[in-house]
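Read the structure below first, then the notes.
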Amino acid sequence: MKIHEYQAKQLLSRYGVPVPKGTPAQTADDAVRAGLSLGGFPVVVKAQIHAGGRGKGGGVKLAKSEAELKTYVSQILGMQLVTHQTGSAGQKVQRLLIEEGMKIDREFYAGILLDRAQSRNVFMVSTEGGMDIEEVAAKTPEKIVKVAIDPASGFQPHHARRLAFALGLSGAAFKSAVTCFQNLYKAYVELDCSLVEINPLILSGDKIIALDAKVNFDDNALFRHAEFADLRDLAEEDPAEIEASKHNLNFIKLDGNIGCMVNGAGLAMATMDIIKLHGGDPANFLDVGGGANATTVAAAFQIILADPNVKAILINIFGGIVRCDRVAGGVIEAAKTEHVAIPVVVRLEGNNAELAGEMLRDSGLNFIVAGDLTDAAEKACAAVKG
Amino acid sequence: MSIFLNKNTKIIVQGITGSEGSFHTRQMLEYNTAVVGGVTPGKGGTLFEEKVPIFNSVRDAVDGTGANASIIFVPPAFAADAMLEAIDAGVEFIVTITEGIPVRDMVTVKHALSGSRSRLVGPNCPGVITPGIGKMGIMPAFIHKEGRCGLISRSGTLTYEAVKQLSDRNIGQSTCVGIGGDPVPGSSFLDVLKLFKDDPDTDAVVMIGEIGGSAEEEAAEFIASEFKKPLVGFIAGQTAPPGRRMGHAGAIIAGGKGTAKEKFAALEKAGIHVAKSPADIGATMAKVLGK
């Protein structure tokens, strides 16, 4: 789960991580008022969207006067902000964060995430703050210092000192960094984060401050944090994906025209792959889970058909313990209730697959019954060509 | 001998009275699997299906039955505790089916495993089956055939697809292992490959990876240097967009790393027979084996 920068800063600040003074705003009036209440200029106007790369896309501006503040607020609020993470359509800016401008003496990077190879969290810092960290990792990996944290003993002061020394800090600045790193790690663990990234982390005088903040939560741990429900911003999510999550369906929209309905994530990915191999383009990833019954299939049809690009649907279900004839019954019922008018290629494999094929053929509906995976992909690709 | 499961494996089911646990215990018993007991705290002293004794704790179950393996169907919030309990009781082999366990919990479990005598497969996996011996998992048994081909996969239904392709070509399986789709799995491809390497009953192996992490690349390095049995590989997610979790918690291309392209390249470099299409896994193995 992703949250906005202003929410991340509010959370981190509760853990004692220093952040600039700031206020979120959803209207231009509120934003200007928030800027003036900071008691001086410069003031930073920051677009709040879930994607990164906001500065380069024109979503972050430094206002040196009230006039500039008003100009930038009206420019950024409501704009379609395009960054390398949003896709070409961009994301509409519906919130701003108005912050005090900080004196920046040095810019660093700090990040915490799981290192899957070690099954441990790693805390990384770099002197190359403000840069794209993936680029730093690719070009100058020696400029990233990492410590892996033993889960039993946790993050110790010696870890924090090593990281702070690696940034070349000393004196009060060093102490400020050590405290900041300990607090960041505490927040990461207690909030069940999957990522905490501060880029840049700045040195301002002798103080370390999180000038930006990105916090993602582990979706599997949300049950431990009921309060995070309020942090979800549905405007940042795809409406079809929100709808799918209500039905416990795993759905990700893509750009193609063949709708996919599959049980199991691996098989769903493999189905997308085989469509592509046969010259087609998948319109989505959709995992209907283990129990593909009439209700879940009907919900899946609704979500797939809401995409006007979809010209055909490929249903690929491996009936393991669930019998294929049952799945076929569910597919037929759902296709009737949803009035599916485009071609539907159905491939059911496993227990009672032949009976299921007969049921689909005899249903009087627009089903194209397929045998194996390749047959299914070929038929789906042919169906969109008409 | 196969790996993980053999004639001496005695299994308990943690969460045997839950809906998932009871359904799949019946399926395991139907496949003549040696399920010797179950654990549901508070229901100790009763029987499951009038024959399988239920215990209050894993330790009681181990003491009472001599069990050396456990399969866990406990909900995500309590699954880490269940695994730690099994490790604490010295259970040698643990399979966790549960999906949705917090990463922080799995980091703790993984740490507890190192230095213990237990080995874990899963979580978020279909489990392990040795055709003819038994199954510790939720896979449909009827698609499997006894034989000498091993299989390791991060997926569920895609594994069944591959198994069926093998069985249809009369290539039976020694052991099929679903290591699960989570970012912190109990056993990696590498861990399982090491066992297949030394298993005299396994002649060849199918390995099914997917996007995210670097477990396939690590396995490829081992294969290139030490694994001499023929291997067929496939990676799911060639068309997956970066930065999106494709159903499995671990199936995500993060920071440009973990793409199917990189993984395919690593497999090819290691001399693995790569199936570019998921429909060709069985056929590729048949060709490799000269069938």
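Naming convention: chains lettered A, B, ... in sequence-line order (proteins, then strands); numbering from 1 in each chain.
Partners of B:Lys261 according to the side chain to side chain contact (heavy atoms under 4.5 Å, CB included) rule, which considers only residues two or more places apart in sequence or in another chain, are B:Thr259.
Heavy atoms of A:Leu254 lying under 4.5 Å from chain B belong exclusively to its side chain. In this structure, the portion of B:Ile101 lying under 4.5 Å from any heavy atom of chain A is its backbone and not its side chain. A:Val189 touches chain B through backbone and side chain together, each having a heavy atom under 4.5 Å away. If you measure heavy-atom distances from A:Glu190 to chain B, the contacts under 4.5 Å come from the backbone alone. In this structure, chain A has no heavy atom under 4.5 Å from any part of B:Glu99. Only the side chain of B:Phe142 comes within less than 4.5 Å of a heavy atom of chain A; its backbone N, CA, C and O stay farther away. When heavy atoms are compared at a cutoff of 4.5 Å, B:Met106 does not approach chain A at all. Interface remark: B:Ile208 contributes no atoms to any contact with chain A (heavy atom separation under 4.5 Å).
The pair B:Glu268-B:Lys263 does not count as a salt bridge, with every side-chain nitrogen at least 4.0 angstrom from each carboxylate oxygen. For the pair A:Glu349 and B:Lys164, the salt-bridge criterion is met [side-chain N within less than 4.0 Å of a carboxylate O]. Remark: A:Asp218 does not engage B:Arg104 in a salt bridge, criterion side-chain N to carboxylate O under 4.0 Å. In summary, A:Asp375 and A:Lys379 engage in a salt bridge, as defined by a charged side-chain N under 4.0 Å from a carboxylate O. Contact check on B:Glu30 versus B:Arg26 returns no salt bridge, with no Lys/Arg side-chain nitrogen under 4.0 Å from an Asp/Glu carboxylate oxygen. A salt bridge between A:Asp150 and A:Arg120 is present, with a side-chain N of the basic residue lying under 4.0 Å from a carboxylate O of the acidic one.
Aromatic ring pairs are classed by plane angle as parallel below 30°, tilted from 30° to 60° and perpendicular above 60°; the pair B:Phe234 and B:Phe264 is perpendicular.
Ranking A:Asp219, A:Asp372, A:Leu114, A:Asn351 against chain B, the residue ahead of the rest is A:Asn351, based on heavy-atom pairs under 4.5 Å. Between chain B and the residues A:Asp281, A:Leu195, A:Asn250, the largest count of heavy-atom pairs under 4.5 Å involves A:Asn250. Contact count against chain B (heavy-atom pairs under 4.5 Å) is highest for A:Arg224 among A:Arg224, A:Lys276, A:His278. The residue among A:Thr374, A:Leu277, A:Ile275, A:Asp192 with the most heavy atom pairs within less than 4.5 Å of chain B is A:Asp192. With chain B as the partner, the residue from A:Arg116, A:Gln85, A:Glu134, A:Met272 showing the most heavy-atom pairs under 4.5 Å is A:Arg116. Contact count against chain B (heavy-atom pairs under 4.5 Å) is highest for A:Ile274 among A:Thr271, A:Ile274, A:Leu286.
For A:Phe251 and A:Phe285, the distance between ring centers is not under 6.0 angstrom. The aromatic ring centres of B:Phe73 and B:His24 sit less than 6.0 Å apart.
B:Arg169 places a side-chain N or O within 3.5 Å of a backbone atom of B:Gln165 that can act as its donor or acceptor partner.
Residues of residues 214-224 of chain B that come closer than 4.5 Å to chain A, counting heavy atoms only, are B:Ser214, B:Glu218, ordered by residue number.
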